[in-house]
Student: 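Dumping the structure here so I can ask a few things about it.
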2 protein chains.
Amino acid sequence: MAKLTQQPLYKQVVREVLARIEAAEWHGDESLPSETDLGRSLGVSQGTVRKALDVLVADGVLYRRQGVGTFVADTSDFLARSCFTPLTGVGGEVPKFELLGCVRINAGEQLAEVLGLRRGAALWQVRKLLRVAGHIVGLEELLLPESSFPDLDMRRIRELKGNVPELCWRDFGVRLKDGEVRYRAVSAAQAEARLLQMEVGDPLLQIVRLSRDFDGKPQIWSVAWLRTEQDAFEPPQSMRGEQE
Amino acid sequence: MAKLTQQPLYKQVVREVLARIEAAEWHGDESLPSETDLGRSLGVSQGTVRKALDVLVADGVLYRRQGVGTFVADTSDFLARSCFTPLTGVGGEVPKFELLGCVRINAGEQLAEVLGLRRGAALWQVRKLLRVAGHIVGLEELLLPESSFPDLDMRRIRELKGNVPELCWRDFGVRLKDGEVRYRAVSAAQAEARLLQMEVGDPLLQIVRLSRDFDGKPQIWSVAWLRTEQDAFEPPQSMRGEQE
DNA sequence: AAGTGGTCTAGACCACCAT
DNA sequence: TGGTGGTCTAGACCACTTT
């Protein structure tokens, strides 16, 4: 492996593996070469490959099965829970989305700043309704720079059933990572109350998220309003190893 | 290092280091021996020590300074933000606590179950008010099993200015880890509204937390109610390495 | 039995920081 | 200059899963 850059070797391996996944060298849920083989083909040791794969496993890009192999995580799993499917019902029901619209707007000052764009830059605004077991539980609004996601439209979103990370990945080659999240309790305004079928003033959990790609560039700003009378929001488990 | 157990060596080292911290072998913010020396004294290699310390750094027990050494994190930092000091103002103001009371109650069925106790077991109920820059922003209620925390009283809590992790550590030898967290938006009831100086029905962010010790045993159940009109709740950063 | 992830070692070199 | 964390290797062995 080239030693041109001054990045640690294992980080170079991380990027190389990401690139090969991106080039569809190994499909979703298909096995990678063994750590030893991969190391040999890259000219690094097994330990270095392992350290690189550790990073990608921690980020949910890969998963391992002891004695079997290392696999590319299906993108529909990747970040699905932590990034755009935040609601976990008590029974663990899977949320479903209903696409409300996709329009082109211009970035205000604040929004331009957090997304690293100039003021007035073109943005896509996507709105979805979240249902769990048929009941409306939330509303989600996404803002994506047009520069990263040219020619976005409802048809393309609909084809993927509102799975935005999958869309970003398949159509635009943007692999999303976790970003910053903020929580807030707010009162439902008229607009939210109507869409969520609740009274004006009822409490809503507001989740604001900034998602970045693997280069650290902000790519998606999202705001969700969730009804939590019945289901609490359970953030994704941290990915540390077990102690026992 | 003994090979008696079938635990991986590095996990044994984790426990050994934790035990030595517990025995106050190295005080807060004092340097540990170098990875090489520690390895020699334990009869393991530097790489194994490193892997063990990685775990403890990820859990916030230790921190490293390149070229300088590895240090025991001051307990007042450890989990302070992620576990009991959840509120981060926009300006990053440090929250202050006002102890409201500490009483002995008996566990109801649900509470007994989550804490792994028998029904009716004795619990301490501690209530605190949170202020940021003088303004009341939250209310926190902690429930701790008396079996783990004998002879808890307000004086002891007060001495540590409401820093419960520090108290658990210094007085009871219970080192806390992160546990599960759930978020919910609720309307302020009369009791909360009075204490938090807001109107009944105003939205509150409710954060429910179960903290465990390093053996995985549930130790503290906590519920916080936060006003988020001005300050959003910002959860602790995940502890993964940077990509760049 | 063969192949994989998971762990461990002994030794090496580098980057960083204190002195 | 010397000590520390940070990285890397070549080779080894174990635990696990599949065949």
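Protein chains get the first letters and strands the later ones, always in sequence-line order, with residue 1 at the start of each.
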Student: Apply salt bridge (Lys or Arg N to Asp or Glu O under 4.0 Å) to residues R64(B) and E35(B) and explain how you reach the verdict.
Tutor: CA-CA 11 Å; R64(B) 291 195 259 234; E35(B) 296 177 350; 3.3 Å; yes
Student: Rounding to an integer number of Å, can you tell me how far Q66(B) CD sits from dG3(D) P?
Tutor: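 Value for this atom pair: 17 Å.
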Student: Round to the nearest Å and state the distance from E35(B) atom CD to dA12(C) atom C1'.
Tutor: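 Rounding to the nearest Å, CD of E35(B) and C1' of dA12(C) are 15 Å apart.
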Student: Give the nucleotide from the list dT4(D), dT4(C), dT9(D) with an atom nearest to the side chain of S45(A).
Tutor: dT9(D)
Student: Nearest whole angstrom, please: distance from the P of dA10(C) to the CD of Q46(B).
Tutor: 12 Å
Student: Under 4.0 Å: is that the gap between some side-chain N or O of T48(A) and OP1 or OP2 of dT9(D)?
Tutor: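 It does, given that an N or O in the side chain of T48(A) lies less than 4.0 Å from OP1 or OP2 of dT9(D).
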Student: Ignoring the backbone of P8(A), work out which of dT9(D), dT4(D), dT7(D) is nearest its side chain.
Tutor: dT7(D)
Student: Nearest whole Å is fine: how far is dT4(D) P from Y63(B) OH?
Tutor: 16 Å
Student: Show me the side-chain donor-acceptor pairs of residues 36-43 of chain A shorter than 3.5 Å, one per line, residues at least two apart or across chains.
Tutor:
unit_1	atom_1	unit_2	atom_2	d
D37(A)	OD1	R40(A)	NH2	2.6
S41(A)	OG	L38(A)	O	3.1

Student: Any luck finding a side-chain donor-acceptor pair between S148(A) and Q219(A) under 3.5 Å?
Tutor: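 Yes, because at least one side-chain N or O of S148(A) sits under 3.5 Å from a partner of the opposite role on Q219(A).
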Student: What is the distance from CG of L53(B) to C1' of dG5(D), rounded to the nearest Å?
Tutor: 10 Å
Student: Just to confirm, is there a sub-4.0 Å distance from OP1 or OP2 of dG5(C) to any side-chain nitrogen or oxygen of T70(A)?
Tutor: yes
Student: Contact class for R65(A) vs. all strands (heavy atom < 4.0 Å): base, sugar-phosphate, or nothing?
Tutor: sugar-phosphate
Student: Return the value, rounded to whole Å, for the distance between atom CG of D54(B) and atom C1' of dG6(D).
Tutor: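 About 10 Å, once rounded to whole Å.
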Student: Between R131(A) and E98(A) (salt bridge meaning N to carboxylate O under 4.0 Å), is one present in this structure?
Tutor: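 So R131(A) pairs with E98(A) through a salt bridge.
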Student: Please state whether the phosphate of dG6(C), meaning OP1 or OP2, lies under 4.0 angstrom from any side-chain nitrogen or oxygen of R50(A).
Tutor: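 So the side-chain polar atoms of R50(A) do come within 4.0 Å of the phosphate oxygens OP1 or OP2 of dG6(C), strictly under.
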Student: Just to verify, what does Q66(A) make a side-chain hydrogen bond (donor to acceptor under 3.5 Å, both in side chains) with, not counting sequence neighbours?
Tutor: none
Student: Could you give the CZ-to-P distance, from F71(B) to dT4(D), as a whole number of Å?
Tutor: 11 Å
Student: Could you pick out which residue, G67(A) or K51(A), lies toward the 5' side of DNA chain D when each is mapped onto its nearest nucleotide?
Tutor: K51(A)
Student: Less than 4.0 angstrom between a side-chain N/O of R64(A) and OP1 or OP2 of dG6(C), yes or no?
Tutor: yes
Student: Output the rounded distance in Å from CG (L38(B)) to P (dT9(C)).
Tutor: 12 Å
